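Taking it in order: structure first as structure tokens, then the write-up.
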Amino acid sequence: MSETPNYDNMYDAIVVGAGLAGSTAALTMARDGLDVIMIERGPSPGTKNVFGGVLYTPRIRELTDFEDAPKERYVAKKTYSMLSEEGDETSMSIAPSSWREEPHNDSWMVLRRDFDEWFAEQAVDAGATLITETTVTDLIKENGEIVGVETDRPDGELRAPVVVLAEGANSLVSEAADLKQQDDRDNVAVSVKEVRKYDREKIENRFHLDGDAGLAAHYFGDGACGDAVGGGFLYTNKRTVSIGVVYSIEDAARTDQTPDEVLEEFKQHPAVAPLVRGGRMVEYSAHAIPEGGPDSMPELVHDGAVIVGDAAGLVLNSGIHLEGTNMAVESGYHAGRAVADALLAQGRTDAAALASYETDLRDSYVVENLDHYGWFMDTAAEEKEFLFDDLPRALGEAGDAYFKMDNTPKDEHVSEAKSRILDATGGWLGAAKKAWKFRKMLS
């Protein structure tokens with residue numbers, strides 16, 4: 001699939017990275033007739049990309065024949081569980097009947113190695129060139145404008161009037177060129193994940209699934225990842241299960257536990273252990289995730305370059321909504337359109353000519369959602385002890401009290417359950433304050 005570029009020719013655009021954002025940008029520009037080259041450092045697209053497991057597909061469905069895409073299971077059910085360190089679980093689930101109907105709420109479990117390779121092929125079929133096993137080492141600047149890239153190939157200079165930087169969270173090229181600052185440690189999370197292989201029948205029986213229906217399970221509390229700000233996840237594929245934890249790097253540096261140990265402890269929780277028992281580990285990965293919200297977004301547009309996807313900090317974690325794939329695709333799409341307009345309609349690629357990328361992205365749901373939920377990580381850090389320790393324990397104790405079977409009248413059970421919650425929240429006034437503080441989670 002990888003092609004050898006003609007280094008004597010100049011391209012219209014260079015895309016650094018063949019992940020979701022990069023392939024979307026390349027596909028969009030190629031369809032507008034631009035001569036695009038996409039540079040991927042892995043042996044093939046997807047081999048270096050890590051994510052939890054759910055791909056949100058509205059824009060991809062518009063851009064491709066999505067029915068041909070390599071998919072695992074659609075999300076038929078979501079669960080959210082609070083886990084205490086003592087072994088309690090308090091959970092809720094949602095499984096609307098509409099999710100079982102096409103297009104399945106545009107939510108699919110995928111394996112990035114398979115999907116990203118297919119998605120990059122759509123860009124190649126549209127006319128883009130893809131080269132793999134190639135690392136971009138620097139940007140080429142002339143007269144203050146970016147005019148190409150240096151690579152680690154022997155004759156590795158490539159030139160184009162615009163570069164789309166889709167590097168992901170480890171955006172070394174953008175940082176070295178002073179296009180963005182290195183993310184503060186408290187704005188970055190670490191994710192560790194393993195993929196375990198099972199028989200398809202075992203997965204469907206264990207998780208009560210049929211056909212291509214799948215489960216997306218999310219876990220919070222100190223039973224998921226200690227007292228860190230973060231949580232655990234579990235996603236069902238056809239013949240594998242993806243399981244992992246995501247928590248702040250600041251907390252990872254503070255604790256004595258390694259990420260491997262945090263993941264292992266999560267897997268051993270009584271609510272999780274029966275779901276991942278047996279099987280064979282076929283993949284292990286670790287990844288950095290930008291979680292700084294709108295305040296940590298870099299300048300997206302520069303003279304001769306735009307920044308997209310994780311490199312631009314476009315990840316949403318509101319506790320309820322855990323999104324990034326759709327935001328990466330949307331940014332790549334708007335970047336691709338802006339580059340095509342700048343080259344074809346304006347004949348220039350300075351920041352002013354490319355400005356429609358940032359304008360359109362800010363007018364889209366992407367930045368609007370980041371703005372709306374940008375408070376969550378700061379609030380979660382402020383309320384860490386309550387969210388990840390006191391609340392999971394109180395919910396477990398309240399459930400035990402409420403449903404206790406003894407000779408005591410039920411109203412005493414209700415009173416005891418209520419007191420456990422109020423003790424955790426600091427009484428009625430404390431409960432009201434916390435409810436107000438977290439009201440945006442449901443808005």
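Heavy-atom basis, side chains included; hydrogens, waters and symmetry copies ignored. Values in this document were obtained by computation on a predicted structure and should not be read as measured data. Positions are given from 1, in the same order as the sequence printed here.
Looking only at side-chain heavy atoms (C-beta outward), E358 and V306 stay at 4.5 Å or farther from each other. Between L165 and L139, some side-chain heavy-atom pair lies under the 4.5 Å cut-off. Side-chain contact check for H104 versus V75: every heavy-atom pair is 4.5 Å or farther apart. Side-chain contact between S23 and Q122 is absent, with no heavy-atom pair separated by less than 4.5 Å. The closest side-chain heavy-atom distance from E264 to Q257 is not below 4.5 Å. Residues P58 and D106 meet the side-chain proximity criterion, which asks for heavy atoms closer than 4.5 Å. For the pair V149/V163, a side-chain contact is recorded, criterion being any heavy-atom separation below 4.5 Å from C-beta on. When side chains are defined from C-beta on, R100 counts as touching D210, because their heavy atoms get closer than 4.5 Å.
Annotation: ring pair (Phe, Tyr, Trp, His ring centres under 6.0 Å) contacts of Y357 (sequence neighbours excluded): none. Partners of N205 by side-chain hydrogen bond (donor to acceptor under 3.5 Å, both in side chains), not counting sequence neighbours: none found. A search for side-chain contact (heavy atoms from CB on, under 4.5 Å) contacts involving D183 returns K180, V188, P290, not counting sequence neighbours. Under the rule for a salt bridge (Lys or Arg N to Asp or Glu O under 4.0 Å), R277 has no partner lying at least two apart in sequence or in another chain.
Between R393 and E397 there is no salt bridge, since no side-chain N of the basic residue sits under 4.0 Å from a carboxylate O of the acidic one. Contact check on R254 versus E250 returns no salt bridge, with no Lys/Arg side-chain nitrogen under 4.0 Å from an Asp/Glu carboxylate oxygen. Under the 4.0 Å criterion applied to side-chain N and carboxylate O atoms, R113 and E283 are not assigned as salt-bridge partners. Between R337 and D360 there is no salt bridge, since none of the side-chain N atoms of the basic residue sits less than 4.0 Å from a carboxylate O of the acidic one. Look at E67 and R61 and you find a salt bridge, because one of the NZ, NE, NH1 or NH2 atoms lies within 4.0 Å of a carboxylate O, short of that distance. The pair K404-E412 does not meet the salt-bridge criterion, since no charged nitrogen lies less than 4.0 angstrom from a carboxylate oxygen. R200 and D212 are joined by a salt bridge, as a carboxylate oxygen and a charged side-chain nitrogen come within less than 4.0 angstrom of each other.
Within a 6.0 Å sphere centred on CD of E261, other residues, nucleotides and ligands contribute more than 12 heavy atoms. In Y402, the OH atom is not crowded: 12 or fewer heavy atoms of neighbouring residues, nucleotides or ligands sit closer than 6.0 Å. In the displayed structure, E86 atom CD is contacted under 6.0 Å by more than 12 heavy atoms of other residues, nucleotides or ligands. Around atom CD of E102, more than 12 heavy atoms belonging to other residues, nucleotides or ligands sit under 6.0 Å away. Around CD of E62, the count of heavy atoms belonging to other residues, nucleotides or ligands within 6.0 Å exceeds 12.
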List, one per line, each side-chain donor-acceptor pair under 3.5 Å for residues 39-47, sequence neighbours excluded.
unit_1: E40; atom_1: OE1; unit_2: A18; atom_2: N; d: 3.0
unit_1: E40; atom_1: OE2; unit_2: G42; atom_2: N; d: 2.9
unit_1: T47; atom_1: OG1; unit_2: S44; atom_2: O; d: 2.8

Under 3.5 Å donor-acceptor pairs involving side-chain atoms of residues 324-331, not counting sequence neighbours:
unit_1: T325; atom_1: OG1; unit_2: Y56; atom_2: N; d: 3.2
unit_1: N326; atom_1: ND2; unit_2: E323; atom_2: OE1; d: 2.8
unit_1: E330; atom_1: OE1; unit_2: R59; atom_2: NE; d: 3.0
unit_1: E330; atom_1: OE2; unit_2: R59; atom_2: NH2; d: 2.7
unit_1: E330; atom_1: OE2; unit_2: H334; atom_2: NE2; d: 3.2
unit_1: S331; atom_1: OG; unit_2: G309; atom_2: N; d: 3.0
unit_1: S331; atom_1: OG; unit_2: M327; atom_2: O; d: 3.3
unit_1: S331; atom_1: OG; unit_2: A328; atom_2: O; d: 2.8

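Using modelled atom types, no side-chain atom of T359 and backbone atom of S356 make a donor-acceptor pair closer than 3.5 Å. A donor-acceptor distance shorter than 3.5 angstrom exists from the side chain of R31 to the backbone of L63, with no hydrogens or angles considered. At distances below 3.5 Å, not a single donor-acceptor pair connects side-chain atoms of N105 with backbone N or O atoms of W99. Within the 3.5 Å criterion, the main-chain N or O of I421 finds a donor-acceptor partner in the side chain of T425. Put simply, the side chain of H269 gets close to the backbone of S84: a donor and an acceptor are under 3.5 Å apart. In this structure, the side chain of T57 does not engage the main chain of I60 through any donor-acceptor pair within 3.5 Å. In terms of modelled atom types and a separation under 3.5 Å, the side chain of E89 and the main chain of L83 share no donor-acceptor contact. Under the 3.5 Å distance criterion, the side-chain polar atoms of D32 are left unmatched by any main-chain donor or acceptor of L34. With hydrogens and angles ignored, the 3.5 Å screen pairs a side-chain donor or acceptor of E167 with a backbone N or O of L172.
Here K193 contributes atom NZ and F233 contributes atom CZ; the two are 6.5 Å apart, rounded to the nearest 0.5 Å. I37 contributes atom CD1, which lies 5.0 Å from atom CG of L158 (distance to the nearest 0.5 angstrom). Put simply, OH on Y247 and CZ on F266 are 13.0 Å apart, with the number rounded to the nearest 0.5 Å. For the atom pair CD of Q181 and OG of S296, the computed distance is 12.0 Å after rounding to the nearest 0.5 Å.
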L27 vs T64, side chain to side chain contact (heavy atoms under 4.5 Å, CB included): CA-CA, chis, key distance, verdict | CA-CA 10 Å; L27 173 60; T64 67; 4.1 Å; yes
Apply side chain to side chain contact (heavy atoms under 4.5 Å, CB included) to Y333 and V308, showing your working.
-> CA-CA 9 Å; Y333 171 71; V308 298; over 6 Å; no
Start with the C-alpha gap between N237 and S242, add the side-chain angles, then the distance that decides, and say whether side-chain hydrogen bond (donor to acceptor under 3.5 Å, both in side chains) holds.
-> CA-CA 7 Å; N237 305 309; S242 300; 3.2 Å; yes
Quick one: do K267 and R196 satisfy side chain to side chain contact (heavy atoms under 4.5 Å, CB included)? Show the steps, please.
-> CA-CA 12 Å; K267 288 164 51 184; R196 302 191 68 83; 4.1 Å; yes
Could you walk me through whether V195 and V241 pass the side chain to side chain contact (heavy atoms under 4.5 Å, CB included) check?
-> CA-CA 6 Å; V195 179; V241 172; over 6 Å; no
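Of all non-hydrogen atoms in G230 and F220, the two that sit nearest each other are O-CD2, 3.9 Å. Across all their heavy atoms, A169 and D310 have their closest contact at N-CB, 3.6 Å. Of all non-hydrogen atoms in K197 and V282, the two that sit nearest each other are CB-CG1, 3.8 Å. Across T151 and T137, no two heavy atoms sit closer than the pair N-OG1, 4.0 Å. Of all heavy-atom pairs between T236 and L215, the closest is OG1-N, 2.9 Å. Heavy-atom minimum distance, I289 versus V315: CG2-CG1, 3.9 Å.
Using a 30° and 60° split on the angle between ring planes, W108 and Y74 fall in the perpendicular class, above 60°. The aromatic rings of F66 and W118 sit perpendicular to each other, their planes meeting at more than 60°, with 30° as the lower class boundary.
No option in V162, V15, I14 other than V15 meets the side chain to side chain contact (heavy atoms under 4.5 Å, CB included) test with V36.
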